[in-house]
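Only one structure is covered here, and it is reproduced in the block below.
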Amino acid sequence: MPLPDEKPDGEKPLGERLAGVIAAAGPISLAQFMAEANAHYYATRDPLGLEGDFITAPEISQMFGELAGLWLADLWSRAGSPTDAHYVELGPGRGTLAEDALRAMRAARFEPPIHLVETSPVLRHNQATRLPTARWHDDLDDLPETGPLLVIANEFFDALPIRQIQRGASGWHEVMVDHRDGSFTPITSGPPLDDHIPEALRDAPLGSVIETSPASESIARALADRIAKQGGAALIVDYGYEGVMTGDTLQAVSRHEHADIFAEPGERDLTAHVNFTTLERIGWAAGLTVHGPVSQGRWLESIGIGARTAALIKAAPHRQEELISARDRLTKSEEMGALFKAMALVAPDWPAPAAF
Ligand code: SAH
């Protein structure tokens, strides 16, 4: 019997609620822990910018969104300027990327309706101040079913939940989250999963971790199927890797610093590196052409960040230092230039995109 003054479950802090679930039914999967933590985290704050927990490329400089918009407008125009095309963004944050991209697209006479796939009510509110004509969607199912989709996803897939499988003395097992002595702790449990481990990794050293992201795969599949059916393309930019590898890439960030992944669930941003090879396979399997991934630095340089920086400096010479520093931050390999990658998934009857 709950005590009369006990809060209903929905109002309890997430940590208490997850501890209750584990006490009642045993450890939960890492994917469930990450999904619940991030859903709470994004639903309750705007985490972006210097005052927040982390900063993203469109928040560093308007050039990022503008160049992404010009890239989309160029592709749209070479596809015959279809009048029923839609702009779609997955996880649009503050709406900065969309605002910059749409302004650049307007200059290229491309003014599509705007569709934002966003679950956070706080961020939807922020997006609405910049993009009052947008329509919001909880997931991809709800997007228009006719007309080409021109999609951008920047730092979206890294926020989606991952599974981890770890090699222990008795084989490969799923990483679960237990609650012991007041703290959340990763453990391995469940049946051995050795049969599901790629041949090349089966004998990896004890302690090795393999990550997968079923949530990312199912969103990528839905996205690829829509583009195959309706036309268009998706530009995916994120940090990540290619190929089959082992490694624990899960991290928590708070106030621009690494933080404890398992402390205060829902109060820190949990992310993992994106497996571009998996996204690529999903694209090919749906019949799309896949371009890249290439490094963000190379991609931005190929679509003209040099010329764009020079033009902005010419228009506002007092901003020279700031613009050059933003360009360097986005492109230099010791900054975001090499870890971040860009990949395009393009409908089979659409032209090849620029800059890949
Ligand atoms: N693209 C933005 C923000 C990146 S942060 C930028 O570059 O600045 C991640 C974004 O994805 C946030 O807007 C967050 O609310 C959203 N998000 C996270 N998980 C989501 C999910 N499952 N469905 C839809 N949006 C999600």
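Values reported hereafter were calculated over all heavy atoms of this structure, with side chains retained and with hydrogens, waters and symmetry mates removed. None of these values were measured; they are calculated from a predicted model. Ligands are counted one by one from 1 in listed order, and the atoms in each one are counted from 1 as well.
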Checking heavy atoms under 4.0 Å, the part of L90 that sits near ligand 1 is neither
Note: ligand 1 atoms sitting under 4.0 Å from heavy atoms of S120 are 15 (O)
Next item on the list: Would you kindly say whether Q164 and D248 are connected by a side-chain donor-acceptor distance under 3.5 Å?
Entry: yes
shortest atom 13 (O) of ligand 1-to-protein heavy-atom contact is with E118 OE1, 2.6 Å
Under 4.0 Å from one or more heavy atoms of P58, ligand 1 contributes atoms 6 (C), 7 (O), 8 (O)
Is it true that D74 and R78 have a side-chain N and a carboxylate O under 4.0 angstrom from each other? yes
Logged contact type for T119 with ligand 1, heavy-atom cut-off 4.0 Å, is both
Here the pair of heavy atoms bringing A352 nearest to H291 is CB-CE1, 4.0 Å
Verify the distance criterion only: is there a donor paired with an acceptor across the side chains of T249 and Y241 at less than 3.5 Å?
no
Within the 3.5 Å criterion, strictly below it, is a donor on R130 or T96 matched to an acceptor on the partner's side chain?
yes
Ligand 1 to T56, heavy atom cutoff 4.0 Å, flagged ligand atoms 6 (C), 7 (O), 8 (O)
Ligand 1 atoms nearer than 4.0 angstrom to some heavy atom of G93 are 2 (C), 3 (C), 13 (O)
Among non-hydrogen protein atoms, atom 2 (C) of ligand 1 lies closest to G91 O, 3.3 Å
What side-chain donor-acceptor pairs closer than 3.5 Å can you find for residues 333-351, not counting sequence neighbours?
unit_1, atom_1, unit_2, atom_2, d
K341, NZ, G240, O, 3.0
K341, NZ, A338, O, 3.3
K341, NZ, L339, O, 3.2

Atoms of ligand 1 under 4.0 Å from any heavy atom of L160, numbered from 1 in the order shown, are 22 (N)
Under 4.0 Å between heavy atoms, the region of N154 that gets near ligand 1 turns out to be both
Sorted by chain and number, sequence neighbours left out, side-chain hydrogen bond (donor to acceptor under 3.5 Å, both in side chains) with S208 holds for none
Exactly one of E59, Q127, E99 clears side-chain contact (heavy atoms from CB on, under 4.5 Å) with R94, and that residue is E59
Numbered in order shown, the ligand 1 atoms found under 4.0 Å of a heavy atom of E155 are 4 (C), 5 (S), 9 (C)
message = Between E267 and R45 (salt bridge meaning N to carboxylate O under 4.0 Å), is one present in this structure?
response = yes
Practice problem: Work out whether the distance between some heavy atom of L97 and some atom of ligand 1 is less than 4.0 Å. | Solution: no
Ligand 1 atoms nearer than 4.0 angstrom to some heavy atom of L123 are 12 (C), 13 (O), 15 (O)
closest protein heavy atom to atom 18 (C) of ligand 1 is Y42 CD1, 4.1 Å
